[in-house]
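Side-chain atoms are counted along with the backbone in the values below, which use heavy atoms only and exclude waters and symmetry mates. The sequence lines fix the lettering, A, B, ..., with proteins before strands; numbering per chain opens at 1.
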There are 2 protein chains.
Amino acid sequence: MPAEAKVSAKVNKVAKVEARAAAPASPPLTERQEARRRRILHASAQLASRGGFDAVQMREVAESSQVALGTLYRYFPSKIHLLVATMQDQLEHMHGTLRKKPPQGETAAERVAETLMRAFRALQREPHLADAMVRALTFADRSVSPEVDQVSRQTTAIILDAMGQENPTPQQLSAVRVIEHTWHSALITWLSGRASIAQVKIDIETVCRLIDLTAPDTRK
Amino acid sequence: MPAEAKVSAKVNKVAKVEARAAAPASPPLTERQEARRRRILHASAQLASRGGFDAVQMREVAESSQVALGTLYRYFPSKIHLLVATMQDQLEHMHGTLRKKPPQGETAAERVAETLMRAFRALQREPHLADAMVRALTFADRSVSPEVDQVSRQTTAIILDAMGQENPTPQQLSAVRVIEHTWHSALITWLSGRASIAQVKIDIETVCRLIDLTAPDTRK
DNA sequence: ATCAAGTCTGGAACTTGTTCTAGATTAGCG
DNA sequence: CGCTAATCTAGAACAAGTTCCAGACTTGAT
């Protein structure tokens, strides 16, 4: 086989290095490696779309993506890492999609709420996938912090985009943090059947008021 | 042995029935059963206080509490059930403790924030235990909904107590929901090392503003 | 072309949550 | 007291995440 290796490197710890930050730093990945990685993520999302968290079984992911179990673990050091990476992947999609149709609301709060509800509706279309990703995210321990943080940053970016504020104040950033907290926790209550879709909507709208409360132009 | 059975019953499914609602409905438990249950919860909390979630291993809990593994599973149908029950137990303590010294703040928001920070400091004293309980709580699936709901109600009660409002408005109840979301999620970010104690404090204070924003007397 | 290092594979092995079984023990009842 | 059902115990067995290993394949460099 001719064209196999493109990117050379002395640094070659695929998993640890690669998983740490999706695209940015240190991805000296061969084409075939990149392809494997995609196959794995695809299989993960596919299995998750059926049975949710429990249905994503490492042996099955390995088989579906035509990779040995050991290799799967080299790319993603645990099931949680795999699912969080899957979420990163899905979030990028989402962000792209959302960018295309910016929210219409008058106030920043309305736009953020609208954006989150749009994301929520997308999740409702694949509730099992949502289950797998969100459960992994909140169950992640310290060893997954970098990846979870990346997801958090991506989420923050989406919200700030929706706000349409170039220079958010510290208070607004605090509000955004709280919104993220609420978003995650509300999703969990929905996924575990303890809150209805309507209730999640209310919670999102409620927390989004914090934005206008802290907006430099709207008040004070 | 003479005095063993006190409460008689035809309904005797310990686990399912008993776990469903801590004290209220259907606890026809023998003294020895009650003692076993306590031993189990105690062992659970003890193990959790060391290594956190992972250190609570069902075999060890069974051994520590001098109960067969099968019996442990009869009392608590899964590790998650066990840890959520442990949390219920701890929460009751906490509520009792908090009741004694009501918060001093001027506004409802201040009092709630103060109360939550007090709870937070208590958790900081046993970070591993906190880890076990909170992780279990957010990882719980539908099969644990009733128990998780009970924890949620207890938390709501604590917050409403701190507010000192007898008849909260619907908006205030919404605010309380959001506060709970933030509380749980902020704890998780702290436990997984992604947020500092100071950051959690800020998040709590930020979300608590929602209360005054919706207070019937403070505004409008 | 060949070598050394790194990677991938198939599969066994280990860990811990969960389930199951057979045989004591205990509880409630006549 | 003696019976029957429920409960408890010890321990095997099973499931899925994770780790290990020996051998084959790739890669990058000499």
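Within the 4.5 Å cutoff, the side chain of B:Leu210 has no heavy atoms near those of the B:Ile179 side chain. No side-chain heavy atom of B:Arg118 sits less than 4.5 Å from a side-chain heavy atom of B:Thr97.
Within the structure, a side-chain polar atom (N or O) of B:Gln33 is placed less than 4.0 Å from OP1 or OP2 of D:dC8. In this structure, A:Tyr75 does not reach the C:dT7 phosphate: none of its side-chain N or O atoms is under 4.0 Å from OP1 or OP2.
If you check residues 43-52 of chain A against DNA chain D, you find no residue with a heavy atom closer than 4.0 Å.
Taking the charged nitrogens against the carboxylate oxygens, A:Glu205 and A:Lys201 do have a contact shorter than 4.0 Å, which makes a salt bridge. A salt bridge links A:Arg38 to A:Asp89: one of the charged nitrogens lies within less than 4.0 Å of a carboxylate oxygen.
If you check the side chains of A:Thr30 and A:Arg32, you find no donor sitting under 3.5 Å from an acceptor. For the residue pair A:Ser185 / B:Glu180, no side-chain donor-acceptor distance below 3.5 Å is found, with atom types taken as modelled.
Side chain of A:Ser78 to backbone of A:Ile80: a donor-acceptor contact under 3.5 angstrom is found.
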Worksheet item: What string of B, S and - do you get for nucleotides 16-21 of chain D, 5' to 3', when a contact is any protein heavy atom under 4.0 Å?
Response: BBBB--
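The structure places CG of A:Leu47 at 10.0 Å from CG of A:Leu83, a figure rounded to the nearest 0.5 Å.
Across all strands shown, A:Gln66 has heavy atoms under 4.0 Å from sugar-phosphate atoms exclusively, and none from any base.
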